[in-house]
Structure formats: structure tokens, C-alpha cells
Enquirer: 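The structure follows.
Values in this document were obtained by computation on a predicted structure and should not be read as measured data. Labels below follow one simple rule: chain letters A, B, ... track the order of the sequence lines, proteins then strands, and each chain is numbered from 1.
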There are 2 protein chains.
Amino acid sequence: MQKRVSLKDIAAKAGVSAALVSYVLNNRLPSRISVATAQKIRDIAGQLNYSTNQLAKSLKTNKTNTIGLIVADISNPFSANLARIIEDEAEKCQYTTIFGSSDEDPGKFDKLVHTMLNRKVDGLILSPPAKSEAVIESLQQKDIPIVLLDRYFPGIKTSYVIIDNFAASMEAVHHLLSTGRTRIGMITYDSELQHLLERKNGYIRALENNGVRVEKEWLQLVGIENNQQQIEDAVRALLSATPGVDAVLFGSNKIATSSLKLINSLSLRVPCDLAVICFDHTEMLDLFYSPVTYIKQPLEEIGELAVSYLLSNLLHNGTISTSQLKASLVIQQSTTRPDELYQAK
Amino acid sequence: MQKRVSLKDIAAKAGVSAALVSYVLNNRLPSRISVATAQKIRDIAGQLNYSTNQLAKSLKTNKTNTIGLIVADISNPFSANLARIIEDEAEKCQYTTIFGSSDEDPGKFDKLVHTMLNRKVDGLILSPPAKSEAVIESLQQKDIPIVLLDRYFPGIKTSYVIIDNFAASMEAVHHLLSTGRTRIGMITYDSELQHLLERKNGYIRALENNGVRVEKEWLQLVGIENNQQQIEDAVRALLSATPGVDAVLFGSNKIATSSLKLINSLSLRVPCDLAVICFDHTEMLDLFYSPVTYIKQPLEEIGELAVSYLLSNLLHNGTISTSQLKASLVIQQSTTRPDELYQAK
DNA sequence: TTGTACGCGTTATCAT
DNA sequence: ATGATAACGCGTACAA
């Protein structure tokens, strides 16, 4: 169906053995091969437009030069951006990437991992969903190189690249406090994933540290399926609480989008009546009528580190490298103090 | 490194030949194999946690159950959504998808195609960039199954799934005219890609059909690299033209985003001073202070058809299937007539 | 049910 | 010094 030119076609045409062709094309033992035949082989390979069959090569060498990447959902901008960076980075090192979306479902995650393993990927970069510890541990037992991305499990020793979500949440809340907001709510996920717990705990700790009592209704937890209705209910609950909030921290870009969609339709004004901050950037945030302050993850660095950790793991199996990067707060209009708003505009 | 359990491990433990194990696990010749041994083999396979080595299988069968998908840029929401749909659709049919982003660069496109071919993908779904006709034609000569996505080349007979961009543009302009706009501009790409030409021509034709003279400055062409500065200049040119426009059609979501970002910072109001319509949906459009009317492509249908055409092509090589789907106009506030605006709100 | 050639490169060993 | 032979990786499919 595809390339039918094989090594032995070249060998036949050149009047040499297939092995020799292999050596030449891979630049092996260059000292032991006469320049003349080497050139002849290269010429013929060129004119036959030969390209090596990766399947056969991989079968023999047990190396596919492929890495598997599993994210939550490739159609989410956060995942898509990260995927793109990883793809580019891997490609620089001659690696091909195959993607999969887990939809935060550990069953689907497990299935994806195994299809990738059947295809003999050299290693995996994974954003594991909740309750997927067993899968990760089994990969470790099999000595399959993995790097966790965006998330990690405190109880499992693996390579990972994450950000300091606790600190990021704290910083966001401190910023809100510094702009005079006192009734700060948060909408985030009801999940046991460590990075999400840290976002939640950072929020709580920041308020406590500043002597602010966290009202029960100020912390709204929603399902990780990102149900629009549920998120809207959470927004309404925050606003109708007693006392109602004057600022909200959104635990993800999906939550932010759904919430802002509702807020857009209410009479409420941002930032006068409500300040908002959100985790992760999307273009939508800049286009909101009051550009949204957000917590920016260093995506390039995350992607590059993940690939580099994985590749170094491929060379020296057993190496464990971890990074916890710092996120930065990008301050825009959505958190301007009301009294500064007019002079700023 | 990974699965070390092979067919012959099972065969040894079961005291049968490797061939028999293969038959059993593939449910071949079920009538000719005793139920007892079949069960024994399955049990052993289960307890050894065997899973087949796709590399070896593919090498023999010349089938990888993998499709290659090349889009312009996986980090663009339009591409990402489509990719996700195709991934899911392929997965339903037991196919794995490998992605690549061409960045509209024919050289990169060609390179991606060849890495995929070296990996022996069964077929390709491609959004070809400009000047990649030669690559497509060479794939055809090699009888490699392909389906073009989102774009096509009029001179080349291939399977494709596209939308009627000409009609979509016309409909958008007609809608603007029907809401009383008379000075309608367009910002789109300076590209020879057929689908982009059709977007441009649909705009021109719609105006001509309605006896509107298209001022030169109303049609602004920008590079496909989506340079922010260039797009902003185009917006400014439209607004400062004589006469200045009272409506704009954006040729892509990237153009729309960049333009709206600028418009957001001007004193100009949408839709009072300017109506806007854009090709393709992103969430950003709903969050703009005046939710943006857009041309919606039937992404699910496009993705499903593309996969189905490719798979049917894998069975019966040489089949050519094409679809030109209709896009729909989703009308939102950004094109409301100024005089209806207050009563509508 | 089984033996075995096969797909296609790789690489250690053998031959001039 | 140069180059050839052959085993190998692992599952498949045909002949026996």
C-alpha cells in the first residue's frame, strides 16, 4: 500500500547485502565501508526514494521514538496549548507524539494507556484523573518511563512537572484583599486531585491568614464534568449568600467561562460589583468587557521540562525528576478597585 | 522495557503452538479449535496479562489501525475541536490517531506526511496548506488513502469534507444587509486556498447582487500567520476608510479575536456603531460584551464523515467520496439593528 | 493443530 | 580492510 522500497531492493540494485545498506544508511561502522560503495548505496537509496519502515525498525530495536500524551481533553484550550508545545518539543528530538483525552475518567485513562503501550510508545506524559493511582503504580512496576503533567500523587514517587497551586491561589486572594475586597468566594472542583485540593486550600489559608472568616457559602464546589447548570447555580449561590461576595476566584478556565457567561447576562458589573480572577489563560479573558485577571502557568516551560524529563528517563531509567514551577498573576481590569476605576479608564 | 509476555510464552505454558494461541486470541477458525484448549489459552493469556504487540502484528499484516491527522494548528480551538471529534470517532472503530500541526507551511506539511507514512499509518486526514498540491498528488499516485478536511483543491480528485464557504459568506452578508447595514467590510486572508477564496468571493458577490459597490478599502487581506499588528492595522483601515464601514465580516476566529481585542479598546460600540460576524465559533464570542453572530460549521458531522470516508477508502481503495456541508448562521447581539437594540435588551 | 516461512530492518559473527 | 550471513523481534497465515 505504501512505501514498497525496502532495504533489499536497494541491496539488489547495488549488488550488495541488505545488511551493508543498513550500516551505510545508519552511518554505522563508517570506517569499515569503502567510500565508493557507501556513496553508491546512498545514491540508489535517494533515487528510489527510500525511507525506512519504522515498524520493522522498532520491532527489532524495541524503540518507537514515540511518546504518548494523555490530557484531560484536547479540545480544552489549556490542554491544546500544552499539547502543541509538547508536540513541537518532542519533534525537535525526532519523537512523534500520540494524544488521547481521558475526560477525567480513570477507566478511559487506563484504556488509553494500554492502547499506547500496545503500540510500544517509549514513554508517557500523563495528566492523570482522580482515582488513577493504580494505573500509575502499575506503570512504575513495569519500569515504563512516565512523567506526570499538571497533576501528581503525593504518595507516589514519579517524575512530574506541576505548578505551585497552593501559592498561586494564595497570591490571587492576597491580590483581591489588597484591592479592598473582603468577601471573597471561590468556585472550584469537588475533586480529590491534589492540585485542585491545593487551589482550594490556598484560598482558605489566604483568607484565614488575614483573619477573614470563610463563610460556608463562599466556597462552591462543582463536578469536574463542567456542567453549565451546576456552575451557574454556584455563581447564584455566591451572589445570594449573606453576605454576598464582592470577588470570586474561579478554579479553572471552564468554570470561568461558564460563570462569566452568566454574569454577562446579569445586571452585575465587573469589577465594580464583583472582582474576578481565574486559573489559566484563554483569549476569552482578554475579550471580556472587563479583561480578566488570571493566574498564568508557564506552559512553555512545563512542556519543555516534561519532554526533557521523559527523554532523560529513556536514557537512564529510574531517574526521577520533579519540578514545581511558580505561576504568575497577570493583573487586568477585572480586579481594579472600584474607586480607581474611573481614573484608570 | 514493556510487555514482555509474548505469544510463545503463552504457548509454552499451555503446551500448544504459538500459532494456535494466535488463532484463539483473534477468534479465528473458532469451529476448528476445541473449546477446552481455547478456554485454557484464554485463561493463561489473562493471568499473564498478555496484550498483543501491535508492532509485530502491523509488520505482518501491513495494517497499523492508525490514522494520521494533520491540521493547521492543534492549539487553535477550531482545529482542537475537530481533532477531538475525529479522535473519538476513530477510537470507536479501534483506530488510533496521530496528530500534527502544519502551521500552514507546505514544507512542514510534507515532512509530517512522511513521518506518518514511515510509521505506516493506514490513511491520512489532511487540512492541506497552500502550495501543497504536489504532496497530495504524490499521495494519490502511491494509492495512499486520504481525505481532505476543511479545504480542497479543485484540480485534484480526492475525497474531502468541506463546507460551502461561498454560500456561508453570502448568507452572512445578506444578514447584515437585512439589518440595515450598507457599508460592509471584510477582513480575511490573502491566500490562494480555495475555501478562503470562496469566503472572499461570497462576500463580494453578495454585495454586488444587491447593487452595493465594494470600496477597495472595505476588503482587507492579511497574512495567514495571523500577525496581531497586521490585523489591527486592517481594522483601523476599515474604520478610517471613506466611507467607513458599519459592519465587518471576519474570515476566521483568529482574525476575529485579534480584531475584537482592538475594538474592545476603542470607543466604538458593537453593534450600534459596528456590526460584526465571524467564521467559526469559539467561546470567546459568547463572552464578548455583545455576543457575536457567527457562522457555525457542523463540526461533528465533518469529523464523522471524514473518518467514515477514510475507513471506507481503506476497505475499497479508489473510492472517492466528497461532501460539501452547509454552515449555519447563529445570530446573536452583535448584528442587531441599532434601532431594535433597546427594545431587545 | 502444528510447523514454518514471512514481513523488514538490525546487529553480532563469520569470510575474504 | 570490506563485505556477507544469519539469527532475531513477534505475530500471522498457509501448507501439511
Enquirer: How long is the line joining CG of A:Asn26 and P of C:dC8, in whole Å?
Expert: 17 Å
Enquirer: When the side chains of residues 9-20 of chain A are checked against the rest of the protein, which donor-acceptor pairs come out under 3.5 Å, sequence neighbours left out?
Expert:
from	atom 1	to	atom 2	distance (Å)
A:Asp9	OD2	A:Ser6	N	2.7
A:Asp9	OD2	A:Ser6	OG	3.4
A:Ser17	OG	A:Leu20	N	3.2

Enquirer: Could you tell me how far apart A:Asn62 (CG) and C:dT10 (P) are, to the nearest whole angstrom?
Expert: 14 Å
Enquirer: Once you round it to whole Å, what is the distance between C1' of C:dG7 and NZ of B:Lys63?
Expert: 16 Å
Enquirer: Between B:Arg28 (CZ) and D:dA13 (C1'), how many Å, whole number?
Expert: 8 Å
Enquirer: Restricting to side-chain contact (heavy atoms from CB on, under 4.5 Å), what partner residues turn up for B:Ser138, sequence neighbours left out?
Expert: B:Lys142
Enquirer: What residues, two or more places apart in sequence or in another chain, satisfy side-chain contact (heavy atoms from CB on, under 4.5 Å) together with B:Asp43?
Expert: B:Gln39
Enquirer: Can you tell me if B:Ser22 touches the phosphate of D:dT12, counting only side-chain N or O atoms and a distance under 4.0 Å to OP1 or OP2?
Expert: yes
Enquirer: Using OP1 and OP2 only, check whether a side-chain N or O of A:Tyr50 sits under 4.0 Å from C:dC8.
Expert: no
Enquirer: Is any side-chain heavy atom of A:Leu124 closer than 4.5 Å to one of A:Leu139?
Expert: yes
Enquirer: What I want to find out is whether A:Lys108 reaches B:Glu87 closely enough, with some N-O distance under 4.0 Å, to be called a salt bridge.
Expert: no
Enquirer: To the nearest Å, give me how far apart CD (A:Gln39) and P (D:dT2) are.
Expert: 15 Å
Enquirer: Rounded to the nearest 0.5 Å, how far does CD1 of B:Ile162 lie from CG of B:Leu148?
Expert: 9.5 Å
Enquirer: Indicate, yes or no, whether a donor-acceptor pair under 3.5 Å links the base of D:dC14 to the side chain of B:Tyr23.
Expert: yes
Enquirer: At a heavy-atom distance below 4.0 Å, what parts of residues 53-60 of chain A sit against DNA chain C?
Expert: A:Asn53, A:Ala56, A:Lys57, A:Lys60
Enquirer: List the residues meeting side-chain contact (heavy atoms from CB on, under 4.5 Å) with B:Ile156, not counting sequence neighbours, and say none if there are none.
Expert: B:Glu133, B:Ile136, B:Glu137, B:Gln140, B:Phe153, B:Thr158
Enquirer: So for atom NZ, which belongs to A:Lys63, do other residues, nucleotides or ligands contribute more than 12 heavy atoms lying within a distance under 6.0 Å?
Expert: yes
Enquirer: Identify whether the distance between the nearest side-chain nitrogen and carboxylate oxygen of B:Arg84 and A:Asp103 falls below 4.0 Å.
Expert: yes
Enquirer: Using a heavy-atom distance cut-off of less than 4.0 Å, which residues of residues 7-20 of chain A contact DNA chain C?
Expert: A:Leu7, A:Ala19
